[in-house]
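What follows is a single structure, written as structure tokens, with notes after it.
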Amino acid sequence: MTAPETWPEGWNVERLHADHAQALRISHEFYDSATEHQRLRVFENPTFGRVMTLDGVVQVTEADNFIYHEMLTHVPILAHGAVGRVLIIGGGDGGMAREVLKHRGVEQVTMVEIDGAVVDFCTSHLPAISAGAFDDPRLDLVIADGADFMKQNADCYDVIIVDSTDPVGPGEVLFTDSFYGHAKARLAPGGILVTQNGVPFLQGAELTNTMRAFRALFADATCYLASVPSYAGGAMAFGWGTQGAARRVDLATLQDRFARAEIATDYYTPEVHLAAFALPPYVARLIG
Ligand code: SAM
């Protein structure tokens, strides 16, 4: 477990990348300790609000998590149009479950998180992120390794969301061909797999690797983008894989589904949804 450097005193320095660091000023420290799997830290930053890091890497902030969570949930759910069952791998802070559960048509959400301490801690110290999601009767929380679960589970899901840490430490197994292959087997007809795939400008190889695997597995394999201020380095990529035609949904249909969903958002709109799949050449080259 890499200890987060502080530089100067009173700053959290994220060193996810070899030649780039991100420092956030700590105006108040809530917690800094090791769980069974990783080092969990929560502190207050005047701009981002409460920030949680795992092994020194920013996972979620109160101020900008809406962008990431809205784009990894409403894009696949509204593109699909008839989602009943959702699987979340990771997502310990509860933000992904919060957004999925806003869809009244979603009957059941299974969330598989390796580190129960992250759930426990975020429930008590970052309650705004999950906003009661862990109390929703539709949510089944499983504390297990997502890769093991995917291998052993026999259920099928309309949307699978991989909301994991980066491919270091416990998250590494969630970026492998075998994991993606098992995930595909868990998709119901027309089902969609979406993944947290890092910031292409700084983590291009990660995206290239996932897209290589997705192209071998899915008829429709691509990514879409959104910029999340606390995930430094430019736009973040979300992997997209499906055998179905969900990505071809037209604007009018998305607008109708979004209106009927009656969900308030601060980043997602049907227009943003479609535009997110327009890839600049430097990203298009990475996905081959
Ligand atoms: N938004 C963040 C990002 O983009 O990096 C992810 C946030 S969420 C807190 C990441 C979660 O993935 C953590 O709670 C971590 O414990 C969980 N995780 C890491 N490896 C896992 C695995 N193999 N199985 C299940 N959960 C895992």
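Order of appearance sets the numbers: ligands from 1, and atoms from 1 within every ligand. As a basis for the values below, the full set of heavy atoms in this structure was taken, side chains included, without hydrogen atoms, waters or symmetry mates.
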**Study point:** Arg41 charged N/C atom sitting above Tyr31 aromatic ring, 6.0 Å / 45°
**Key:** no
Review point. Between Arg39 and Asp55, is there a salt bridge with N-O shorter than 4.0 Å?
Key: no
Check your understanding: At a 4.0 angstrom heavy-atom cut-off, what protein residues surround ligand 1?
Key -> Gln38, Met52, Leu54, Gln59, Tyr68, Gly90, Gly91, Gly92, Asp93, Val112, Glu113, Ile114, Asp115, Val118, Ala144, Asp145, Gly146, Asp163, Ser164, Thr165, Pro170, Gly171, Val173, Leu174, Gln196, Tyr231, Met236
Check your understanding: In terms of side-chain heavy atoms, does Asp256 have a donor or acceptor partner in Thr253 at a distance below 3.5 Å?
Key -> no
Exercise for review: Identify, with sequence neighbours excluded, every residue that meets ring-ring contact (aromatic ring centres under 6.0 Å, His included) alongside Phe43.
Suggested key: none
Check your understanding: Who passes ring-ring contact (aromatic ring centres under 6.0 Å, His included) against His182, sequence neighbours left out?
Key -> none
Revision key, fill the gap. Quick note, ring-ring contact (aromatic ring centres under 6.0 Å, His included) partners involving residues 136-181, not counting sequence neighbours, are Tyr180-Phe214
